[in-house]
Amino acid sequence: MPKTDVLVLGAGIVGVSAALQLAKRGVSVALIDRRSVGEETSYGNSGIIGGAGVYPNAFPREWSKVLQVAFKRAPQANYHFRSLLAVAPWLFAYWRASTRSRLEDSARALHPLQSRVAAEHEALAIEAGASRYLRKGGWISIYRRPGALEALAPELALGAELGVPATVLDVAGARALEPHLAPVFTSAIHWSSVVTLSNPLAVTQAYAERFKALGGRVLKGDARTLARSGGSWSVDTEEGRYQASDAVIALGPWSPDVLSPLGLDFPLGIKRGYHRHFSSQGEAALSRPVLDPEIGYVLCPMEQGIRLTTGAEFADRDAKPSPVQFDRILPHARRLFPLGGVADGRTWMGCRPCFPDSLPVIGRAPGQAGLWLNFGHGHMGLSFAAVSGRLIAEMMTGAATFCDPAPYRAERFN
Ligand SMILES: Cc1cc2nc3c(=O)[nH]c(=O)nc-3n(C[C@H](O)[C@H](O)[C@H](O)COP(=O)(O)OP(=O)(O)OC[C@H]3O[C@@H](n4cnc5c(N)ncnc54)[C@H](O)[C@@H]3O)c2cc1C
């Protein structure tokens, strides 16, 4: 049976980054996925390395917004009636974690990761030869309602305390950065330190190539064959059963498929999201992503065209796609920016793996020697991948960790 030091299960951006961070530290790693590298959730995101503001994404606290979602009138969110009963406990926990003080707690707990997201990706991208996909210049959120920024004052104050650069702009200021935005908004914020990607899949693939150049192995296999015997973990791959003393679960939304049979249950919710690529009319162009939070979409300039990404859909992970949110957001998006036709005729769907407190789980699996967890990065998995990979690699190699990993431990749900 082939042996290695570590099995990393899941080759999305989180697993690939962890495998690369381990390989950089001289650990021999087999990275195992049932598909090719980066083809699931990590493929179709908005490419933003850094958050949508300072607080994590929140469940609406105003009843008017909750009712809008309930009556399927909200462009930001959709849900499947048949999934409601199953999703309800998670939604309740998420709603409870969405008070201002709990959001502030989460933002502070995430800050050690958040403050390093760009630097860690830049370091990996340089050695993987992927710097050309990284764009500086930040991104913009626009606000339609006059006075919208007043409601953001506490979040902006926390951002100022934590050193998150955010410049408030009027319409002219925003259009100086993005001249093709129509003046359908009243104010904007430029999150200037954020790095964005022009092709998230290409970055994941470049990291995987760098991992292979360092001696790592990328294998096809089913993580659900994970088994423990004689103090080792093993997994079946197309190249036989691989064995290692340690295994890392980086299966994103599929992590429970492997953990539940081991008796490890987590409150992991799924927020499905969609994208479509569009051309632009005439010479119109965007040089950075633009978020329209009151409607609930992002316009992201990508190599494939302008990627229009949706907010959340609460549904069974494996249910058929139901991209109804495009009908609600497209008229608004077209009024903001002159989108042309659909570029590749395809609607993509991904599943954000989300914990109610918006923190990932990074660290040892309780009660399972040699098993490590690195999943549940929610809306921020692309951002946190490189830095989470560094943290878990430091923990696994017994090095001093760059931050205290306690806030991300699995035991917080006990
Ligand atoms: C619309 C949308 C926009 C987003 N925008 C952003 C953004 O701008 N910035 C940001 O930071 N984040 C964003 N995200 C979130 C981000 O994309 C995810 O958090 C991240 O991709 C999760 O990465 P992952 O590696 O954990 O999961 P995945 O990429 O889903 O990887 C999990 C891997 O596990 C594999 N797998 C599953 N089951 C098995 C099995 N049984 N055996 C073997 N392999 C298996 C899958 O094939 C997959 O490759 C967005 C998400 C969506 C949906």
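Counting starts at 1 for both ligands and their atoms, in listed order.
Within the set Ser36, Ser46, Gly44, Gly252, the minimum heavy-atom distance to atom 5 (N) of ligand 1 is found for Ser46.
Counting heavy atoms closer than 4.0 Å to ligand 1, residue Pro253 contributes side-chain atoms (C-beta onward) but none from N, CA, C or O.
At least one heavy atom of Gly221 sits under 4.0 Å from some atom of ligand 1. Within the structure, the closest approach of Asp257 to ligand 1 does not fall below 4.0 Å when heavy atoms are considered. For the pair His379 and ligand 1, a heavy-atom separation below 4.0 Å is found. For the pair Arg352 and ligand 1, a heavy-atom separation below 4.0 Å is found.
Heavy-atom contacts of Val14 reach the following atoms of ligand 1: 23 (O), 24 (P), 25 (O), 26 (O) (cutoff under 4.0 Å). Every atom of ligand 1 is numbered from 1 in the order shown, and the set under 4.0 Å from a heavy atom of Met380 is 10 (C), 11 (O), 12 (N).
For the 3.5 Å distance criterion, the side chains of Tyr133 and Glu303 fail to qualify, holding no donor opposite an acceptor.
Going from atom SG of Cys300 over to atom NE2 of His277 covers 8.0 Å, rounded to the nearest 0.5 Å.
Atom 42 (N) of ligand 1 has as its closest protein heavy atom Ala223 N, 2.8 Å. Nearest to atom 8 (O) of ligand 1 among the protein's heavy atoms is Ile48 N, 3.0 Å.
Between Met302 and Pro200, the shortest heavy-atom distance links the atoms SD-CD, 3.7 Å.
For ligand 1, the polar-atom distance check against Thr309 finds no nitrogen or oxygen pair separated by under 3.5 Å.
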